[in-house]
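These notes are about the structure you will find just below.
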Amino acid sequence: MKRFITYSFLILSLFNGFASAQSGKSRKGDDYFKVGEKEFTDQRYMYAIPFFNTALKYPGKNDSLALLHLAESYWYTKNYDSAKIIYQKFESNFGPQFTTTQRLAELSANQKDYSKAINDYKKLLGEVPLRYNSLLNERLTGFSRTDEYMKDSLDYSVKLLKLNTKQQDFSPHYFGNGLVFVSSRYTKNTAEKEFGWDGLPFSSIYWVKDTADLYTVDTISGYNSGNINLAIKANDDFTARTSNDNDIIMVSNKRGDYNGTLHKLARFSDDLSNKYNYGPLCFNKAGDKVYYTRNALKAYKRKYNLEICEASFENGSWGNVKVMPFVQLEYDYYHPALNKDESRLYFCSNIPGGLGGSDIYYINLTSDYEKSVPLNIDNKINTSGNELFPTFQGDTLYYSSDGLSGLGGMDIFQTSAVKGMWKKPLNMGYPINSSYDDFGIIFNAKKTRGYFSSNRLGTDDIYTFGYEPFFLQLKGTVLSRLTQRRLDSTKVVIRTVIDEKPIVDSLVTDFTGNFKFPVKPGRTYSFAFTRNGYNDTAYYIPELGTQYEFMMDPTLLSQKFKPVPPQVVTDRDKDSVPDVKDKCPDVKGIKENYGCPDVQARINELAKMVFFKTASAELSPVALKPLNEIADIMTEYPWITLSIEGHTDNVASAPYNLDLSNRRAKSVKTFFIKRGLAENRFSSAGYGLTRPIADNKTVEGRAMNRRVAMKADFHYKYE
């Protein structure tokens with residue numbers, strides 16, 4: 001039976017399981033292996049690769065571990081094609097292990113070979129301890145339903161920023177009118193220190209002072225090791241890793257010159273720089289306090305682990321730098337993020353007690369927060385995989401994880417808390433997510449644009465995106481099955497589930513029997529049709545495509561045929577409308593409203609309470625209450641349509657008043673549509689100063705003339 005075990009036990013078993021006598025060649029191979037293993041242990045993967053490759057030319061007792069660590073080195077430096085070849089070679093020579101099979105499954109997902117990834121995860125599920133089931137099931141579920149992540153892809157447009165280099169550029173964050181981000185780009189053409197994690201310079205924080213200066217490109221080439229000459233230096237740094245931090249100092253000479261000014265972009269601040277890595281970071285709303293990640297200035301067991309610092313902007317510079325009090329030298333703390341009201345600082349860490357990998361924690365920023373102990377955010381958010389790069393937009397938390405269902409690599413998820421309880425994280429789907437690592441997303445205040453990071457082109461790059469929900473128009477017609485006559489005034493109720501919330505809307509067919517709904521593609525909708533004298537009908541429409549319009553087959557309603565009973569005229573509410581024709585038989589109404597109350601009088605009263613800001617079509621806050629009551633009336637009586645009129649006094653010119661009255665009427669109509677009522681139930685028109693109801697010569701008269709009028713029309717018909 002094949003054994004699938006964790007990576008730490010794998011190393012131990014391989015050390016103990018492949019001992020053999022050394023020949024001269026194997027001794028030489030052993031020497032190369034020891035150097036490579038030293039580099040690997042110190043997380044200097046770029047250094048380790050040539051030593052492991054050379055060691056494997058001399059077969060010996062360390063071949064299994066050398067082959068595994070060579071594959072891991074390629075994995076950590078994101079040379080995925082080479083990693084896949086070496087993992088496959090390891091399994092061919094020494095049999096599958098948990099680490100190798102899971103890595104190969106993820107590499108298959110990177111290449112969108114989801115069937116291979118699914119098979120590998122199914123195999124793992126049958127042979128590993130139960131404690132891994134949650135992670136494996138999440139990945140298996142995600143790779144089995146990739147179409148689910150494509151359904152809202154038309155909501156987003158994604159473009160690559162021109163500021164990206166062939167090195168790593170990631171973690172954008174708004175600051176002032178511009179954008180700060182983290183980059184390991186070269187700053188000069190001559191030799192400079194680099195990390196050996198992936199052979200790139202230390203990461204620093206850069207600043208584009210105005211986002212208007214950002215441009216996009218169609219594509220950009222990925223990292224190519226052929227562009228760089230590498231020379232190994234002494235081991236003069238032992239910094240710890242994160243998902244995007246390098247850990248090995250190297251010397252490099254760049255072949256050829258840089259073009260343009262991208263590589264001359266100034267660092268954000270010389271005050272926030274040191275010998276090693278800086279970033280990611282976040283700012284408070286005032287922009288005078290920053291929380292940022294850096295390598296510790298003091299080593300712990302030869303490692304400069306990551307820590308979070310706080311700095312203040314004083315007298316034109318960033319100063320008063322303090323390491324956050326919860327930081328312990330023996331662990332890593334990174335990727336800080338402030339919540340909406342800046343009452344909590346969220347961050348990532350590998351401290352003991354988590355679920356595995358990197359987890360998200362928080363502290364409360366109270367007056368005595370120095371005594372705060374980091375708290376695990378929630379087990380619905382943290383997994384046995386890695387959770388990284390938290391950011392907030394309003395009350396919504398965005399973060400990346402490779403332990404939940406997704407398209408491959410790290411996907412970006414969103415969630416929010418309701419009454420202190422976090423909701424189930426929602427995968428943001430394609431094209432924000434890809435089969436590679438996607439992380440570090442931010443939004444503008446209106447959530448219509450933003451930026452995020454991804455290594456989908458081979459290195460970490462920053463992308464910009466636009467967000468505008470896409471709806472297609474679903475159209476249909478209701479006919480009598482017997483006569484093929486178009487049936488107006490048929491009530492149509494549509495239901496579906498969007499983001500785990502049931503969505504219900506309704507309308508009535510127009511005089512031609514037609515109806516129209518805006519719907520989201522990639523979802524299943526149910527329809528229910530009701531009309532007096534006809535049998536109710538309901539059916540489902542499967543997932544819709546992405547065409548702009550979708551025409552349903554005609555809906556046929558069967559007419560009810562009943563024996564004619566002796567006619568007994570009843571009128572329970574005594575409003576002179578027989579119950580058989582009374583839409584509201586237990587409430588006294590009027591004939592014109594088919595027995596329902598005269599809502600027009602109440603609408604008239606409420607319309608008088610609708611006000612706007614001076615010389616503006618923007619609704620005053622006091623207008624929201626009467627408008628919401630009118631919307632409730634419209635919901636209760638779905639056969640009502642509403643004509644909205646805007647009127648003004650005679651102050652200012654007639655053209656100006658006509659335009660203002662039009663815009664005010666449309667503003668009221670827009671309010672009702674945003675409340676979820678069908679657009680075809682409303683009409684709006686402005687009449688300016690042409691229809692006064694009082695004398696414009698007095699202040700009181702002009703106040704009465706500045707108004708919104710609404711007329712309700714009942715369209716319900718009986719047969």
Side-chain angles (χ1 to χ4, degrees), residues 5-100 102-104 107 193-201 223 225-226 228-242 245-252 299 301-304:
I5 51 180
T6 62
Y7 178 63
S8 58
F9 289 110
L10 172 63
I11 294 176
L12 181 62
S13 67
L14 291 174
F15 266 127
N16 295 334
F18 297 97
S20 62
Q22 289 185 330
S23 64
K25 287 186 177 181
S26 66
R27 190 177 300 111
K28 187 173 183 179
D30 188 42
D31 291 339
Y32 280 109
F33 170 77
K34 288 179 179 178
V35 178
E37 191 67 10
K38 172 64 169 59
E39 304 298 346
F40 183 87
T41 302
D42 287 339
Q43 300 174 335
R44 311 159 91 83
Y45 303 113
M46 187 65 78
Y47 288 167
I49 289 171
F51 290 111
F52 285 138
N53 271 317
T54 305
L56 289 168
K57 294 179 181 179
Y58 304 97
K61 64 180 181 180
N62 298 309
D63 286 0
S64 60
L65 196 56
L67 198 61
L68 177 65
H69 283 182
L70 176 61
E72 291 285 273
S73 297
Y74 281 130
W75 170 272
Y76 287 128
T77 55
K78 302 180 182 178
N79 290 304
Y80 294 138
D81 291 340
S82 297
K84 185 174 184 178
I85 292 172
I86 303 303
Y87 282 128
Q88 289 173 335
K89 185 175 181 180
F90 178 91
E91 291 199 343
S92 176
N93 292 346
F94 304 104
Q97 304 290 340
F98 176 79
T99 299
T100 59
Q102 187 188 20
R103 294 279 201 249
L104 285 170
L107 290 169
K193 288 186 176 181
E194 299 172 352
F195 279 151
W197 179 283
D198 55 7
L200 298 177
Y223 170 73
S225 59
I228 301 174
N229 288 326
L230 301 178
I232 297 177
K233 283 195 65 177
N235 297 350
D236 52 357
D237 126 84
F238 299 92
T239 54
R241 79 172 281 263
T242 68
D245 288 324
N246 304 311
D247 293 280
I248 301 171
I249 294 177
M250 306 182 71
V251 172
S252 169
K301 293 184 178 180
R302 302 175 65 220
K303 299 271 180 152
Y304 293 88

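Note that this is a predicted model, so its numbers are computed, not measured.
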For Ala71, the side chain to side chain contact (heavy atoms under 4.5 Å, CB included) test, sequence neighbours excluded, returns Ile86, Tyr87

Rounded to the nearest 0.5 Å, what separation is found between the CG atom of Leu70 and the CG atom of Leu65?
11.0 Å

Would you say the side chain of Glu39 lies within less than 4.5 Å of the side chain of Met46, judging by non-hydrogen atoms?
no

Between Asp42 and Lys38 (salt bridge meaning N to carboxylate O under 4.0 Å), is one present in this structure?
yes

Side-chain heavy atoms of Asp63 within contact of Phe33, under 4.5 Å:
no

Geometric class of the Tyr45/Phe40 ring pair [parallel <30°, tilted 30-60°, perpendicular >60°]
perpendicular

Tell me, please, whether Tyr76 has Arg103 positioned over its six-membered ring: NZ or CZ under 6.0 Å from the ring centre and within 45 degrees of its axis?
yes

Between the CG atom in Asn62 and the CG atom in Asp30, the distance rounded to the nearest 0.5 Å is 5.0 Å

For Lys89, check salt bridge (charged side-chain N to carboxylate O under 4.0 Å, His left out) against everything at least two apart and list the hits.
none

At what distance, to the nearest 0.5 angstrom, does CZ of Phe90 lie from CD of Gln97?
5.0 Å

Is there side-chain contact between Glu37 and Phe52, with at least one heavy-atom pair below 4.5 Å?
yes

Which atoms form the tightest heavy-atom contact between Ile49 and Tyr74, and what is the distance?
CG2-OH, 3.5 Å

Indicate yes or no: at least one non-hydrogen side-chain atom of Thr99 is less than 4.5 angstrom from one of Glu72.
yes

Can you name the residues that form a ring-ring contact (aromatic ring centres under 6.0 Å, His included) with Tyr80, not counting sequence neighbours?
Trp75

For Leu56 and Ala66, work out which heavy atoms get closest and say how close.
CD2-CB, 3.9 Å

With a 3.5 Å distance limit and no angle check, can you tell me whether Asp31 reaches the backbone of Lys28 through a side-chain donor-acceptor pair?
no

As an exercise, state the distance from NZ of Lys84 to CG of Leu107, rounded to the nearest 0.5 Å.
7.0 Å

I need the minimum non-hydrogen distance between Gly29 and Ala55, along with the two atoms involved.
O-CB, 3.4 Å

Any side-chain to backbone donor/acceptor pair from Thr77 onto Ser73? Under 3.5 Å, distance only.
yes

